2 protein chains.
Amino acid sequence: MTGETERREAAERLALTLVGVGMQRMGARALAAFLFSEQETLTAADLASELGVSAGSVSGAVRMVAQMGLIERVHVAGSRREHFRMRDNAWTTLYTRQHSVVDEVLRAVDEGVDAVGAGRARDRLEYMRDFYAFLLNEAPVLVERFEAQRAESQRRGGSRP
Amino acid sequence: MTGETERREAAERLALTLVGVGMQRMGARALAAFLFSEQETLTAADLASELGVSAGSVSGAVRMVAQMGLIERVHVAGSRREHFRMRDNAWTTLYTRQHSVVDEVLRAVDEGVDAVGAGRARDRLEYMRDFYAFLLNEAPVLVERFEAQRAESQRRGGSRP
DNA sequence: CCCTGTCTTCAGAAATTTCTGAACGTTCGC
DNA sequence: GCGAACGTTCAGAAATTTCTGAAGACAGGG
């Protein structure tokens, strides 16, 4: 266990890395806040104060991260504020969704294949199509294997209370 | 086989889709130009005229796409211009490299795990770490399987001359 | 050794993205 | 129903990214 400052720095570093990978800045920071929080859920106000940004920014960031399937809204009785929680299967969901953008690319490539006659261009496009189609097929298999593996090691090692 | 206009439109559509997936605009357009060209290689001048942009833009775009491992420089005797060609293993290379940014994320997460004590945050971070480590391991296996499968179907079906 | 054709670099313009703050809905407790 | 507490939206400011055009660098032929 280390200090609060170090925790925040690690969170910001992870957020920065995610930005480097193409994620939007505020969404990445929000996600990191969830990851590094000891709370089960966070409210919009929590996020605003943790990140030092306006309510408007939080609203936008939360919507984006929720749409990615990483967090979900939770209704807590007796609290007027909306709470958010990281979803259990966040990462596998994210991976699967990323592969639905692969599907988008695949469609565009397919149109390309139809638009050219036999020749070099067609060969290249078909190669690209084949690889992306392969990935699209294999992604769910991979996720299943991970989850099976994880369930197994949880059973052996026991989960945290 | 269809018209030149349709070919260009399909190319631009694919480029647009790639931009939507996070690729830079000019890089995506250059890549599409390669994919849809009947030529084996293209020069910077070819790209500039095909895309209708300045030499400076082409220089930047080509550098980026080359750095992604999708195209390579080719020296052609008797031509002063530099030629570029899509690499044969472009897509598998791209996939592999994308997984080296996964490695970057993994490192950042690992730092996070070290920065928090036992508790919810640590559980979340460890889960994330496990999934990304799993992906990093499996990516090369996937690529190998694709290449084996492709080699097999080439052997059976015969490759284009 | 110079000259020409080609590529790269870079400062600034243009376009795009991102964030904010204030106004506007909405919902819940009373 | 009323009022207060929250959340959302949106116009515009700020920051960032992207593109260009011109100037410079480099290589090879003559």
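Numbered from 1 within each chain, the chains take letters A, B, ... in sequence-line order. Quick caveat, the model's predicted, so the values are computed rather than measured.
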Exercise answer: donor-acceptor pairs, residues 11-18 of chain B side-chain atoms, under 3.5 Å, sequence neighbours excluded:
residue: B/E12; atom: OE1; partner: B/R29; partner atom: NE; Å: 3.4
residue: B/E12; atom: OE2; partner: B/R29; partner atom: NE; Å: 3.3
residue: B/E12; atom: OE2; partner: B/R29; partner atom: NH2; Å: 3.1
residue: B/R13; atom: NE; partner: A/E111; partner atom: OE1; Å: 2.4
residue: B/R13; atom: NH2; partner: A/E111; partner atom: OE1; Å: 2.9
residue: B/T17; atom: OG1; partner: B/R13; partner atom: O; Å: 2.9

* To do: Of all the heavy-atom pairs spanning A/A44 and A/V58, show the shortest one and how long it is.
  =>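 The pair with the smallest heavy-atom distance is O-CG1, 3.7 Å.
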[X] with [Y]: basic N within carboxylate O range, under 4.0 Å:
X: B/R85; Y: B/E72; value: yes
X: A/R107; Y: A/E104; value: no
X: A/R63; Y: A/E82; value: no

* Listed in order of residue number, which residues of residues 36-49 of chain A have a non-hydrogen atom at under 4.0 Å from DNA chain C? ->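 Listed by number, there are none.
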* Please list residues of residues 14-28 of chain A whose heavy atoms come under 4.0 Å from any atom in DNA chain C, ordered by number; otherwise none. =>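 Here the set is A/Q24, A/R25, A/M26.
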Hydrophobic cluster membership, with links at side-chain heavy-atom distances under 4.5 Å among I/L/V/M/F/W/Y: are [X] and [Y] in one?
X: B/V105; Y: A/F146; answer: yes
X: A/V141; Y: B/Y132; answer: no
X: A/V21; Y: A/L35; answer: yes
X: A/F34; Y: A/V19; answer: no

* How long is the line joining NE2 of A/H83 and C1' of C/dT27, in whole Å? ->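 Rounding to the nearest Å, NE2 of A/H83 and C1' of C/dT27 are 15 Å apart.
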* To do: Heavy atoms under 4.0 Å is the rule here; annotate nucleotides 21-30 of chain D 5' to 3' with B where the base is hit, S where only the sugar-phosphate is, and - elsewhere.
  => B-----BB--
* Distance, nearest 0.5 Å, that separates CD of A/E4 from CD of A/E9 ->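 The distance works out to 11.0 Å.
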* Just how far is it from atom CG of A/D123 to atom CE of B/M86, taken to the nearest 0.5 Å? ->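 Nearest 0.5 Å value for the CG-CE distance: 12.0 Å.
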Give every pair of a protein N or O atom and an N or O atom of nucleotides 13-16 of chain C that lie under 3.5 Å apart, one pair per line with the distance.
none

* Close side-chain approach of A/L135 to B/L142, heavy-atom, < 4.5 Å ->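 A side-chain contact under 4.5 Å exists here.
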* Cut-off 3.5 Å, side chains only: do B/D103 and B/S100 have a donor facing an acceptor? ->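 The criterion, which ignores hydrogens and geometry beyond distance, is not satisfied for B/S100 and B/D103.
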* Using the ring of A/F131 (Phe, Tyr or Trp, six-membered ring only), decide whether B/R150 places NZ or CZ under 6.0 Å from its centre and within 45 degrees of its axis. =>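 Verdict for A/F131: no cation-pi partner in B/R150.
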* So what does B/R29 touch, heavy atoms closer than 4.0 Å: a base, only the sugar-phosphate, or nothing? ->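 No contact at all - B/R29 keeps every heavy atom at 4.0 Å or more from the nucleic acid.
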* Which residues in residues 58-70 of chain B have at least one heavy atom lying under 4.0 Å from any atom of DNA chain D? ->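 Residues of residues 58-70 of chain B that come under 4.0 Å of DNA chain D do not exist, since none gets that close.
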* Option among B/H75, B/R81, B/H83 that satisfies the side-chain hydrogen bond (donor to acceptor under 3.5 Å, both in side chains) test with B/S79 ->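 Running side-chain hydrogen bond (donor to acceptor under 3.5 Å, both in side chains) over B/H75, B/R81, B/H83 with B/S79 returns exactly one hit, B/H83.
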